[in-house]
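Report on one structure; see the data block that follows.
Any value given below was found using the heavy atoms of this structure, including those in side chains, with hydrogens, waters and symmetry copies removed. Bear in mind the structure is a predicted one, so any value in this text is a computation, not a measurement. First the proteins, then the strands, lettered A, B, ... as listed; each starts at 1.
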Amino acid sequence: MKIQSIRGVKDILPDEIWKWQYIESIVHNIFPRYGFREIRLPIFENTRLFTRSIGEATDIVEKEMYTFQDRGGDSITLRPEGTASVVRAYVEHKMYNPPSILKMFYIGPMFRYERPQAGRLRQFNQIGVEAMGSPSPIVDVEVMTMLMEFFKQLGLTDTQLQINSLGSQECRPHYREILITEIEKHLDQLCSNCTNRYQRNPLRILDCKQCGKIAEGLPKLIDHLDPASAEHFSEVQSLLDSAGTPYSVNPNLVRGLDYYNRTAFEVTSQNLGAQNAICGGGRYDTLVEELDGPSTPCFGFALGLERLVSLVPFDNAKTLQKNPDIFIVCLGDEAKTAAFQIAHELRLKGIRIERDYDAGSMKSQMRKANKTQCRFTLILGENEICSGKYLLKNMETGEQIECPAQELATEIAKFSESS
RNA sequence: GUGGGCGUAGCUCAGCUGGUAGAGCUCUCGGUUGUGGUCCGAGUGGUCGCGGGUUCAAGCCCCGUCGCUCACCCCA
């Protein structure tokens, strides 16, 4: 049987890689303005890193991880998300010393064993951002503002920022009790999923699509925040207002990972299908400590690159396709040899050269040239070899000039400017 | 893990109540000496996902299987 790729993974082919490179170039342009530097991390880690950080009872840990034993018998997991690795590296390299805020971003593949669907893959790429070392709401807002500015640069027009507060370790248990008692009054109206999980993960019911009606009537966490979290949340809102960043408060917004507290947010788009979140994140003030580092409040997000690629209007970025500058057409053995030499020299001068290695008829070579969408064709025939003057043709205008061999590079530059 | 839809040429898809396959695009080559795109002409290309079954006869009907896709759960 023919071998094909694993279910839920995708090849990114040369014809569309420029889209990814374009997005990455915007990342490298915008993120450093806010003080973020790139970090590159391994794509597999000790399994315990994820079970401890993400939470034993989450779906990711319970059924979605790619976990295997390596030859030494250690349990290894392909990373299902990036934050755990960043925190591990932060603690491992004692990056908290000297103590100051540290801002990093990463780009790379994540792995989750799920049934693929629109906008969901088993190997997918994320851009993640982590700002580590400050509890200030200013950090929350700077990061969210950076994100929305990033989307704006990419030309996205239909993104909605939703925010919520998940409170703290102190107020959440209280609220949880209130919520469970309230839910128990409506047990018969809940979907089967929710009746099963209301004890274990009652917050999820707020977010359930089927139980939306009941969720509306349930008590909201933002009405039961501890004073410090309430203060934090209201500062986040007023800072967003003054930054002019549009948002809406969604009291039912819950995050799937255990480590979040206080600010949680999500960016959604209507043009994505059922999986409508393009980005999710929030504050995680205790994770670093839980992974044996010093108390380090953090804020971060992860955004799905495949989903982003499907949303960006790339009309203005097409010039990033690296078509050849010149396609060399040659006729006859002598010209074929000469073309080899000329291609070599022009490439050393930084010009993108393509040619036809199998030199068929002129017509067929010109057709190939046209297909590469090169800007120029350099025509080398017996006449040109004899005279030492080559023909340079502008493929857009059809205009053609004669050009002495020695002056090829400068002529090309000149011709290139004038057209 | 559960459910719906779909597997026919490189791509997008037709194919009637069963009679051993078609279109458009692409590709290749031509349309008098060495010039692409547009136009015109010709040609290449398919074990109809795979395996069984029913039938004189299966792309079409039945069973199984694999794959893709969308949705649920959950999430980027």
Side-chain angles (χ1 to χ4, degrees), chain A residues 1-10 15 54 57-65 79-83 107-129 147 191-194 196-197 201 204 207-210 253-257 265-269 272-281 300-311 327 329-332 335 356 358-385 390-400:
Chain A
M1 216 170 81
K2 195 162 48 170
I3 296 175
Q4 54 189 92
S5 62
I6 304 294
R7 162 181 285 210
V9 310
K10 279 265 189 301
D15 278 347
I54 296 169
T58 58
D59 272 33
I60 292 180
V61 169
E62 276 184 354
K63 54 183 198 192
E64 293 175 3
M65 294 206 302
R79 60 180 185 190
E81 59 108 34
T83 301
I107 304 177
M110 306 295 161
F111 305 83
R112 290 182 203 172
Y113 189 87
E114 301 179 272
R115 288 289 285 268
Q117 72 185 72
R120 163 178 294 160
L121 294 167
R122 288 185 172 180
Q123 175 176 341
F124 58 101
N125 288 279
Q126 285 189 333
I127 298 175
V129 151
L147 176 67
C191 71
S192 58
N193 260 310
C194 286
N196 287 333
R197 69 182 168 189
N201 196 353
R204 268 276 150 224
D207 208 24
C208 176
K209 284 163 195 163
Q210 293 169 58
L253 177 67
V254 177
R255 304 259 75 227
L257 297 86
F265 76 99
E266 210 168 85
V267 179
T268 56
S269 164
L272 277 176
Q275 309 306 317
N276 67 348
I278 186 175
C279 179
F301 67 71
L303 89 85
L305 264 173
E306 280 78 5
R307 293 181 187 178
L308 183 61
V309 167
S310 77
L311 289 177
F327 188 101
V329 164
C330 47
L331 298 160
D356 180 10
D358 304 310
S361 71
M362 180 135 188
K363 190 188 189 84
S364 96
Q365 288 191 61
M366 287 303 291
R367 278 180 177 161
K368 283 180 189 172
N370 187 58
K371 252 174 282 177
T372 66
Q373 300 196 50
C374 55
R375 297 190 60 198
F376 300 101
T377 303
L378 183 68
I379 297 166
L380 288 185
E382 283 156 26
N383 300 342
E384 286 74 21
I385 299 288
Y390 305 147
L391 280 179
L392 190 61
K393 174 166 184 167
N394 181 323
M395 293 298 275
E396 212 171 307
T397 62
E399 186 187 350
Q400 232 169 238

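Distances were taken from every side-chain heavy atom of A:Lys10 (C-beta onward) to each of B:C70, B:U69, B:A76; the shortest belongs to B:U69. Comparing B:C72, B:A71, B:A76 by their closest approach to the side chain of A:Gln275 singles out B:C72.
Distance CG (A:Leu308) to C1' (B:A76): 11 Å, rounded to an integer number of Å. The interatomic distance linking A:Arg120 (CZ) with B:C70 (P) rounds to 11 Å, in whole Å. Between A:Arg122 atom CZ and B:U69 atom P there is a gap of 11 Å when expressed in whole angstrom units. One interatomic measurement links the two molecules: CD1 of A:Ile278 to P of B:A76, which rounds to 13 Å at whole-angstrom precision. With rounding to whole Å, A:Ile3 atom CD1 is found 17 Å from B:C50 atom C1'. One interatomic measurement links the two molecules: CD of A:Gln117 to C1' of B:U69, which rounds to 10 Å at whole-angstrom precision.
Only the C1' atoms considered, B:A9 is 13 Å distant from B:A14, to the nearest whole Å. Going from the P atom of B:C63 to that of B:G5 covers 13 Å, rounded to whole Å. Using P as the reference atom, B:U32 and B:A21 are 38 Å apart when rounded to the nearest Å. Annotation: B:C50 and B:C66 have their P atoms spaced 15 Å apart (nearest Å). Separation of the P atoms belonging to B:C68 and B:G59 is 25 Å when rounded to the nearest angstrom. Using atom P as the reference point in both B:G64 and B:G46, the two lie 32 Å apart (nearest Å).
If you take CG on A:Asn276 and OG1 on A:Thr268, they are separated by 5.5 Å, rounding to the nearest 0.5 Å. Note that CG of A:Asn125 and CG of A:Leu308 are 11.5 Å apart. Values are rounded to the nearest 0.5 Å.
Under the Watson-Crick or G-U wobble criterion, with both distances below 3.5 Å, B:C72 is paired with B:G1. The nucleotide B:G64 finds its pairing partner in B:C50, both defining distances of the Watson-Crick or G-U wobble pair being shorter than 3.5 Å. In this entry B:U44 has no Watson-Crick or G-U wobble partner, no candidate having both defining distances under 3.5 Å. Partner assigned to B:U55 is none, using Watson-Crick or G-U wobble distances below 3.5 angstrom. Taking a pair to require two hydrogen-bonding distances under 3.5 Å in either a Watson-Crick or a G-U wobble arrangement, B:C16 remains unpaired.
The 5' end of RNA chain B is approached more closely, in terms of each residue's nearest nucleotide, by A:Tyr113 than by the other of A:Phe124 and A:Tyr113. Where A:Gly280 and A:Arg7 meet RNA chain B, the nucleotide closest to each residue was compared, and A:Arg7 sits on the side nearer the 5' end.
Salt-bridge annotation for A:Arg120 and A:Glu114: present, with a side-chain N of the basic residue lying under 4.0 Å from a carboxylate O of the acidic one. The existence of a salt bridge linking A:Arg255 and A:Glu266 is confirmed by a sub-4.0 Å separation between a basic side-chain nitrogen and an acidic carboxylate oxygen.
In terms of heavy-atom proximity, A:Phe327 sits nearest to A:Asp356 at CZ-N, 3.5 Å. Taking each heavy atom of A:Glu384 and A:Ile379 in turn, the nearest pair found is CG-O, 3.7 Å.
Side-chain contact annotation: A:Asn394 with A:Gln400, donor-acceptor N/O pair under 3.5 Å absent.
Heavy atoms of A:Glu114 sit under 4.0 angstrom from at least one base atom. Contact annotation for A:Leu121: base contact, defined as any heavy-atom pair under 4.0 Å involving a base atom.
Using a 4.0 Å cut-off, some side-chain N or O of A:Arg255 falls inside it from OP1 or OP2 of B:A76.
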Using the 3.5 Å cut-off, write out each protein N or O paired with an N or O of nucleotides 2-5 of chain B and the distance between them.
| unit_1 | atom_1 | unit_2 | atom_2 | d |
| --- | --- | --- | --- | --- |
| B:U2 | O4 | A:Arg115 | NH1 | 3.1 |
| B:U2 | O4 | A:Arg115 | NH2 | 3.4 |

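A cation-pi arrangement is not found for A:Arg112 relative to A:Phe124, the charged atom failing to lie both closer than 6.0 Å to the ring centre and inside a 45° cone about the ring normal.
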Per-nucleotide protein contact string for nucleotides 27-36 of chain B (B base, S sugar-phosphate only, - none; heavy atom under 4.0 Å): SSBBB--BBB
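Side-chain atoms of A:Arg79 come within 3.5 Å of backbone atoms of A:Pro109 as a donor-acceptor pair (strictly under, hydrogens ignored). Looking at A:Gln365, its side chain does come within 3.5 Å of a backbone N or O of A:Cys330 through a donor-acceptor pair.
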